[in-house]
Amino acid sequence: MNADAASPAERLDTTCCIVGGGPAGMVLGLLLARAGIDVVVLEKHADFLRDFRGDTIHPSTLQLMDELGLLDELLKLPHNKVQKVSVEIGGEDVAFADFSFLPKRHAFIALMPQWDFLDFLAEKARAYANFKLVMQANVVDLIRDRHRIAGVRALTPDGMIDVNAALTVGCDGRRSTVRAKAGLPVEDVGAPIDVLWMRISRKPGDPETGGHLNAGSFIAVLDRGDYFQIAYVIAKEGADRIKAAGLPAFRQKLAAALPFLAGRVDELQTWDDVKLLSVKIDRLRTWYRTGLLCIGDAAHAMSPVGGVGINLAIQDAVAAANILWKPLKDGTLTTFDLAKVQHRRTLPTRVTQRLQVLAQNRFAQPVLRSTAPLQVPWALRLLGRTPLLQRIPARIVGVGIRPEHVQSPAGPAA
């Protein structure tokens, strides 16, 4: 769209327009507003209430909240703590990751509804007069001024709005409108699995968060207090076959894989209670155009393996704020500044995706294809018996590759 296209119902002028109010978008908005940058965040939904979003807040994010002076207040919200993770393989429990060696205030994963986390970030960002969050703003196109992306056009309940900005940041997920409209080339890394998400009630005495693997089944169970959030891993494009076999057959498979839930699988009354996540692993070759940057899932869609997608997206946001706040404030932003963000975050993205691909191809796929009872591999048995080794997966999952720390300044709140 050209800058002189038909006039919208409203025009907003800002320094940075962030498309998408997920973890990456809200963290970036908060950090830039805190640094004195005018920010508009556009979120297409009316609220943050969506089931089966990633609800894990990792140690690196807890540390970020601590650096911002917000950790104690955040942890007043309802949450569960996971300090150690085990995996049940063929009926045998194997210790997998131990976060207790990390600094005490960040030595766990917090399981918290993502909508609570996003509401919390929005509340803190609104304390700054230069922050504006627009809900129900569905971005439909980019505004172009010659060779520069100059903002976005969005559809709202009150009509179209144009948001003109020195920088537009796409944080709108794996189906990013921003990256599609910008024509940014995507490299498909490949994912041989999909995931069925569901919730089933939890009772006292039930197992805690962990993985459950046996012949033909790979299931992650997350303790959400009064219910379990369950990720049932299936072969790519296998959902139609499962649905064709019928919901009773699926409930039987779930009960056989998780016997402690056998009396509760009837809580899945229709297929509407089972949500399909089509897993993608991809990344942009170039994350930017003049006036535009993509981060988080918009730049690199992650597998749910390890639950690290949110962690990586938030780290992107911190790096972007560290690199871009000063040129944004000075009005000196160049494409080279945007390239710095991609350069900074390329290594952790590629390494993490590579580890996810290895886990999928060498672990998840063989488990799903197996018909014989599983035996614990010697490497995992060694890991389970060696607490020191359990720090390795804990650091990869909890802290990540090249963790970021807040370097952008703190301006006064309104």
Side-chain angles (χ1 to χ4, degrees), residues 1 17-29 41-55 114-115 118 133-143 149 151-156 160 163 168-197 231 233-234 236-240 272 274-289 292-305 307-314 316-317 320 342 345 349 352-353 356-357 360:
M1 180 192 310
C17 174
I18 297 171
V19 181
M26 294 307 299
V27 168
L28 180 59
V41 178
L42 304 178
E43 167 56 42
K44 69 179 180 179
H45 296 99
D47 53 44
F48 297 121
L49 290 170
R50 246 98 54 224
D51 273 339
F52 309 123
R53 300 184 76 159
D55 293 339
Q114 192 178 111
W115 54 81
L118 295 177
L133 173 60
V134 183
M135 306 298 288
Q136 292 182 275
N138 185 24
V139 169
V140 295
D141 209 347
L142 302 177
I143 298 172
I149 305 300
V152 298
R153 174 161 285 188
L155 178 63
T156 76
M160 288 287 186
V163 182
T168 299
V169 183
C171 302
D172 49 341
R174 62 185 60 216
R175 298 180 181 87
S176 171
T177 299
V178 169
R179 81 179 189 182
K181 293 293 184 180
L184 295 171
V186 181
E187 179 183 350
D188 187 0
V189 179
I193 62 171
D194 286 332
V195 177
L196 298 175
W197 286 99
V233 181
I234 62 175
K236 195 72 177 175
E237 310 297 343
D240 288 342
D272 290 338
V274 183
K275 308 298 183 183
L276 172 66
L277 170 64
S278 181
V279 176
K280 294 174 64 177
I281 303 181
D282 64 32
R283 56 179 175 255
L284 296 179
R285 295 189 179 94
T286 304
W287 297 17
Y288 56 88
R289 291 277 188 266
L292 180 142
L293 173 70
C294 288
I295 62 172
D297 274 3
H300 45 72
M302 309 300 290
S303 164
V305 171
V308 296
I310 297 170
N311 189 42
L312 207 65
I314 290 175
D316 285 356
Q342 178 177 350
R345 298 303 302 162
T349 297
T352 304
Q353 288 186 329
Q356 288 188 326
V357 169
Q360 290 177 164

For side-chain contact (heavy atoms from CB on, under 4.5 Å), just list the numbers for His300 and Cys294, CA-CA rounded to whole Å, side-chain angles, deciding distance to a tenth of an Å, and then say yes or no.
-> CA-CA 9 Å; His300 45 72; Cys294 288; over 6 Å; no
Sub-3.5 Å donor-acceptor pair from the side chain of [X] to the main-chain atoms of [Y], do we have one?
X: Arg179; Y: Ala298; answer: yes
X: Asp194; Y: Val279; answer: yes
X: Asp172; Y: Thr177; answer: yes

Are Arg153 and Asp141 close enough, and set up right, to give a salt bridge (charged side-chain N to carboxylate O under 4.0 Å, His left out), and what steps lead you there?
-> CA-CA 5 Å; Arg153 174 161 285 188; Asp141 209 347; over 6 Å; no
Heavy atoms only: give me the nearest [X]-[Y] pair and the separation to one decimal.
X: Gln360; Y: Ser303; value: OE1-OG, 2.8 Å
X: Ala239; Y: Ile234; value: N-CD1, 3.6 Å
X: Val41; Y: Gly29; value: CG2-CA, 4.4 Å
X: Gly21; Y: Leu118; value: O-CD1, 3.6 Å
X: Cys171; Y: Ile18; value: SG-CG2, 3.8 Å
X: Gly296; Y: Asp316; value: N-OD2, 3.0 Å

Salt bridge (charged side-chain N to carboxylate O under 4.0 Å, His left out) partner of Arg174, chosen from Asp188, Asp282, Asp297 | Asp297
Can you tell me how far the [atom1] atom of [X] sits from the [atom2] atom of [Y], to the nearest 0.5 Å?
X: Lys236; Y: Lys280; atom1: NZ; atom2: NZ; value: 8.5 Å
X: Ile295; Y: Leu284; atom1: CD1; atom2: CG; value: 12.0 Å
X: Leu293; Y: Tyr288; atom1: CG; atom2: OH; value: 10.0 Å

Mind checking whether [X] and [Y] have side chains closer than 4.5 Å, heavy atoms only?
X: Lys181; Y: Ser176; result: no
X: Gln356; Y: Met302; result: yes
X: Ile149; Y: Ile143; result: no
X: Met160; Y: Val140; result: yes

Between Asn138 and His45, do the side chains contain an N or O donor and an N or O acceptor separated by less than 3.5 Å?
->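 No - no donor-acceptor pair under 3.5 Å links their side chains.
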Thr286 and Gln342 side chains, donor-acceptor separation under 3.5 Å | no
side-chain contact (heavy atoms from CB on, under 4.5 Å) between Trp287 and Leu292, intermediate numbers included = CA-CA 8 Å; Trp287 297 17; Leu292 180 142; over 6 Å; no
Steps toward side-chain contact (heavy atoms from CB on, under 4.5 Å) verdict (Val169, Val19) = CA-CA 6 Å; Val169 183; Val19 181; over 6 Å; no
Given side-chain contact (heavy atoms from CB on, under 4.5 Å), test Val139 with Lys44 step by step and report yes or no.
-> CA-CA 7 Å; Val139 169; Lys44 69 179 180 179; over 6 Å; no
Report the residues that fulfil side chain to side chain contact (heavy atoms under 4.5 Å, CB included) with Val189, sequence neighbours left out, ordered by chain and then residue number.
->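 Partners of Val189 under the side chain to side chain contact (heavy atoms under 4.5 Å, CB included) test: Ile281, Arg283, Gln353, Val357.
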